[in-house]
Amino acid sequence: MARPKIALIGAGQIGGTLAHLAALKELGDVVLFDIAEGTPEGKALDIASSGPSGKFDATMSGTQDYADIAGADVCIVTAGVARKPGMSRDDLLGINLKVMKSVGEGIAKHAPDAFVICITNPLDAMVWALREFSGLPHEKVCGMAGVLDSARFRHFLASEFNVSMKDVTAFVLGGHGDTMVPLVRYSTVAGIPLPDLVKMGWTTQDKLDAIVQRTRDGGAEIVGLLKTGSAFYAPATSAIEMAESYLKDQKRVLPCAAYVDGAYGLNGFYVGVPTVIGAGGIERVVEISMNKDEQTMFDNSVTAVKGLVEACKGIDESLA
Ligand SMILES: NC(=O)C1=CN([C@@H]2O[C@H](COP(=O)(O)OP(=O)(O)OC[C@H]3O[C@@H](n4cnc5c(N)ncnc54)[C@H](O)[C@@H]3O)[C@@H](O)[C@H]2O)C=CC1
Ligand SMILES: O=C([O-])CC(=O)C(=O)O
């Protein structure tokens, strides 16, 4: 059977890391697409040359021509601009919306059967716009954010408790912005919910609150440290987890920005929710019950994303 084809639209920091991870995990052959001449070709050659020592079989190529993504099984989109210190993700909306238009049209023309994972920020509005521009089925277009935000939460919790990250579960829902919703009640160590761990004296409510806030600020913390761009190792690893679940029909339960139509009282809206990812794409949106506080936080986050979607419609009339 032929290897799957993975098209990476954007060959910058995340795109290059995605290509390397896809190769090391032998998920398929990789095509890197970027408007910056030489960048995708150079990264493809560099990663391909790591194959003999990395011990993988995968072809790598770089291109500026959308025709080369033809027949891709998965497209992961990182094309656009990343923020710098002092900026919010939302400041990227105008510039990255234009990029989503050309990417959406390119995918629609050359890889209409692909499972598309958008990473470009501001994530929830960009994945909505990318779906609109591409016209692909909603279940085949999603956004990566919840896996990353949950991974950060798990990392901080594991450090606090001095336990393996493997035994920590966490769910972060809502939009990928300041209003994201780390769900403490649904986050556990070996199945024990965090509120119980506070009662058991493993940590204090104040420390847990600080970890929740650090999770919300996780992207900005790294932007402040790097100064020239934003996080890329963890974002790429998170998207690869989603791509792998699709390609291998693993049916992983992963939080991602998915089209929600009916669940959570939403009618046709992209926001971070738990999903099942398998060969059908987003096969299911998992609706969990929320208490009053959680619902209020989720509603605030939905309102923030709605504002960004409206801003997109104001910029590009074809979206209105
Ligand atoms: N959803 C999430 O959780 C996260 C999202 N991000 C976002 O991902 C995006 C990419 O981040 P990085 O890879 O660090 O940025 P980067 O600047 O390293 O790479 C972006 C690449 O996109 C290319 N590009 C620009 N316009 C293009 C177009 N029209 N067509 C094709 N390629 C184009 C650029 O030449 C550049 O190589 C940013 O918007 C960033 O904010 C970053 C981290 C996490
Ligand atoms: O913070 C940023 O600009 C990039 C991002 O979305 C993240 O790392 O969570």
Side-chain angles (χ1 to χ4, degrees), residues 7-20 31-44 62-66 68-69 75-107 117-127 129-130 133 142-153 155 172 174-178 180 182 214-242 254-257 270-272 305:
L8 305 175
I9 316 297
Q13 296 283 58
I14 303 177
T17 312
L18 284 168
H20 195 200
V31 178
L32 285 142
F33 173 98
D34 202 294
I35 50 167
E37 236 173 86
T39 300
E41 292 87 346
K43 292 197 179 185
T63 185
Q64 278 80 50
D65 184 353
Y66 271 110
D68 293 329
I69 73 163
C75 292
I76 309 182
V77 177
T78 60
V81 174
R83 66 170 157 163
K84 307 256 173 357
M87 295 171 77
S88 84
R89 295 180 181 95
D90 300 352
D91 294 335
L92 305 169
L93 186 134
I95 186 159
N96 285 347
L97 183 63
K98 290 197 192 84
V99 176
M100 290 306 101
K101 192 176 177 80
S102 60
V103 174
E105 289 167 358
I107 292 175
I117 303 171
C118 179
I119 302 186
T120 303
N121 272 321
L123 189 270
D124 306 85
M126 291 303 102
V127 66
L130 183 63
F133 289 133
C142 66
M144 188 294 294
V147 176
L148 170 66
D149 298 325
S150 303
R152 286 181 175 143
F153 196 22
H155 162 59
V172 179
H176 183 57
D178 299 339
M180 73 177 72
R214 191 174 180 201
T215 301
R216 286 202 183 99
D217 297 338
E221 183 175 349
I222 292 173
V223 169
L225 290 165
L226 294 181
K227 296 181 184 68
T228 52
S230 51
F232 51 99
Y233 293 113
T237 311
S238 304
I240 288 291
E241 198 174 4
M242 293 165 65
L254 298 171
C256 69
Y270 270 96
V271 72
V305 176

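Both counts, for ligands and for their atoms, begin at 1 and track the order of listing.
By the 3.5 Å distance cut-off applied to N or O atoms, Asp149 is not counted among the residues near ligand 2. The N/O atoms of Gly80, backbone and side chain alike, include one that comes under 3.5 Å of an N/O atom in ligand 1. The distance criterion of under 3.5 Å between nitrogen or oxygen atoms is met by Asp34 with respect to ligand 1.
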Per-pair distances, 0.1 Å, donor-acceptor, side chain in residues 219-236, under 3.5 Å, sequence neighbours excluded:
from   : atom 1 : to     : atom 2 : distance (Å)
Glu221 : OE1    : Arg214 : NE     : 3.0
Glu221 : OE2    : Arg214 : NH2    : 2.9
Lys227 : NZ     : Leu225 : O      : 3.4

Enumerate, atom names and distances included, each donor-acceptor pair closer than 3.5 Å involving a side-chain atom of residues 86-95, sequence neighbours excluded.
from  : atom 1 : to     : atom 2 : distance (Å)
Ser88 : OG     : Asp90  : N      : 3.1
Ser88 : OG     : Asp91  : N      : 3.4
Arg89 : NE     : His176 : NE2    : 3.3
Asp91 : OD2    : Ser88  : N      : 2.8

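Side-chain contact between Leu254 and Glu241 is present, with at least one heavy-atom pair separated by less than 4.5 Å. Two residues are said to be in side-chain contact when any heavy atoms from C-beta on lie closer than 4.5 Å; Thr39 and Lys43 meet this criterion.
Under 4.0 angstrom from ligand 1, the non-hydrogen atoms of Leu92 all belong to its side chain. Looking at Leu148 against ligand 2, only its side chain comes within 4.0 Å, counting heavy atoms. Contact annotation: for Ala79 versus ligand 1, heavy atoms closer than 4.0 Å belong to both the backbone and the side chain. Contacts between Ile119 and ligand 1 below 4.0 angstrom, taking non-hydrogen atoms only, involve backbone and side chain alike. Contacts between His176 and ligand 1, counted as non-hydrogen atom pairs separated by less than 4.0 Å, involve the side chain only. Contact annotation for Asn121 and ligand 1: heavy atoms of both the backbone and the side chain come within less than 4.0 Å of the ligand. The backbone of Ala231, and not its side chain, has at least one atom closer than 4.0 Å to an atom of ligand 1 (non-hydrogen atoms only; backbone = N, CA, C, O). Within the 4.0 Å heavy-atom criterion, the part of Asn96 lying near ligand 1 is the side chain and not the backbone.
Residue contacts with ligand 2: Asn121 is included, with a non-hydrogen atom under 4.0 Å away.
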